[in-house]
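Data first, discussion second: the structure below is written as structure tokens.
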Amino acid sequence: MQLKRPIIFTIILILGLLWIFLSANRSGASTGGPLLAPQEGFLAPDFTLQTLDGESITLSGLRGQAIVINFWATWCPPCKAEMPAIQEMQDAFREQGLVILAVNATSQDTYTGIAPFIEDYGLTFPILLDSNGEVGSLYQVRSLPTTIFIGRDGIIQKIVIGGPMPRALLQSRIEELLK
Amino acid sequence: MLTILQNFFSPPRHLIFPIIAIWVGLSLSSRYAPKRGVAGNKLENLALISLLAGLLGGRLGYVADYPQAFLASPLSLLSLNTDLFDAWSAFAFGLIGAIIYLQRSQLPFWHTMDALTPAMSVLAIGIAFAHLASGDAFGAPSTLPWVIEQWGTDRHPSQVYETLTALLIFCLLWKQFSQSEQPGMLFLRFLACTSGLRLFLEAFRGDSALIFNGIRIAQVIAWIVLAFSLLGISRLSRSPKSLQDI
């Protein structure tokens, strides 16, 4: 048995090496890449929503820019707490190609409360209305706030669930998007 | 059932599985540690110090990567947000903390690694469940009858494979937790089983990091760990002497 053990172990290691080469992914990256999914490493699912002003914004139309999508509602205290920092980031990084889209979960919010909220917080980035909750479902948003960081290539770099996000987290993720 | 699991334990709630696994695993390890000549409370101290060092290191590593962000918001240093964390720094600091404690309390290395093996085995199960709940570590596209639909494509249920193999390893080694044998043997067996199965199952993952010619990095690392552990087992089997303690 003592003599057989090294032989068996050697065979195992040789088989292991063979398996590595046999199972190699020759077609290229096995990661998400061009596949659409609300998951880090995948292409951000496309959507079109209307803003509070009635303008239509399509996500794919913003390809080439760094995008932060923040799902929020007026009744959500952490959402409110992080809005000043988000506005600060918009002001600081707008010139570098940062776009912030605040998607309001209108299907579970009061429409009439949105405009006063925007005015109170002095928000200047687009407020998109997810009136029937479709985009929230598309991105599998299960809690508010949820923030999605999308690179210039359209790939989701980071999903942050919950809040309020520390300012340093927001800034560091945006810096990563703009690299 | 998978949908229920993923809905109820979607991130960040999926972290409950490794947390419970650490608690259960450490309890198990502490129970069997005296048979390895290691005091149960010292094992718990080792785990606590590694954890604290890891948490500190993870935060410091993230700060080092993005200093400007923290200069603008120093209070963020103390944030409880788990995203302000660098995993590799956490691992390095945790390891350093563990080594320092091992040397200061004169815990014999191989005896300690054997004593920690039950905890590592349970933690592997906890991590597998977390992957199942979060959808991480997803499988490669497949047309086999037992595929699961994930991220818009039918895929190998790699998280299920991972869970089953972690459970299998635990069951295989369970009886050896309470047995006394050459120091290092139990840990090396765990390492060999884990790395060997990882080497095999990585081929069915859809999120592998690749190097030249489509070779999966995780398989290369698993092969190296497997080689090291088999060599160790071979040496221990041949010699009645134990591996020299660090």
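Naming: A, B, ... by sequence-line order, numbering from 1 per chain.
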Against chain B, label A/Gln140 side chain, backbone, both or neither, depending on which of its atoms sit under 4.5 Å from a heavy atom there. side chain

Got a second to check how far B/Asn213's CG is from A/Phe21's CZ, nearest 0.5 Å? 8.0 Å

Just give me the residue among A/Gln39, A/Glu175, A/Gln171, A/Met165 that pairs up with chain B most often, heavy atom to heavy atom, under 4.5 Å. A/Gln39

To the nearest 0.5 Å, tell me how far A/Phe42 CZ sits from B/Thr153 OG1. 7.0 Å

Would you compute the distance between atom CD1 of B/Ile217 and atom CD1 of A/Ile20 and round it to the nearest 0.5 angstrom? 12.0 Å

Using every non-hydrogen atom in the two residues, find where B/Leu199 and A/Gly16 come nearest and quote the distance to one decimal. CD2-CA, 3.7 Å

To the nearest 0.5 angstrom, please state how far the CZ atom of B/Arg235 sits from the CZ atom of A/Arg5. 15.0 Å

Filter on ring pair (Phe, Tyr, Trp, His ring centres under 6.0 Å), then keep only pairs touching residues 210-230 of chain B, sequence neighbours left out; what's left? none

Do you know which two heavy atoms are closest between B/Tyr62 and A/Leu169, and how far apart they sit? OH-CD1, 3.7 Å

What part of A/Leu17 lies closer than 4.5 angstrom to a heavy atom of chain B: side chain, backbone, both or neither? both

Just list the side-chain donor-acceptor pairs under 3.5 Å for residues 132-139 of chain A, sequence neighbours left out, or say none.
from, atom 1, to, atom 2, distance (Å)
A/Asn132, OD1, A/Glu134, N, 3.2
A/Asn132, ND2, A/Glu134, OE2, 3.4
A/Ser137, OG, A/Gly133, O, 3.2
A/Tyr139, OH, A/Pro45, O, 2.5

Among B/Leu230, B/Leu84, B/Val220, B/Leu226, single out the residue with the greatest number of heavy-atom pairs under 4.5 Å to chain A. B/Leu230

Interface residues of residues 70-83 of chain B facing chain A - non-hydrogen atoms under 4.5 Å apart: B/Phe70, B/Ala72, B/Ser73, B/Ser76, B/Ser79, B/Asn81, B/Asp83

Roughly how far, to the nearest 0.5 Å, is the CZ atom of B/Phe204 from the OG atom of A/Ser23? 8.0 Å

Any heavy-atom pair between the side chains of B/Asp65 and A/Ser172 that's under 4.5 Å? no

What's the separation between atom CH2 in A/Trp19 and atom CD in B/Glu202, rounded to the nearest 0.5 Å? 11.5 Å

Contacts of type ring-ring contact (aromatic ring centres under 6.0 Å, His included), residue B/Phe93, not counting sequence neighbours: none

A/Phe9, CZ: over 12 other non-hydrogen atoms inside 6.0 angstrom: yes

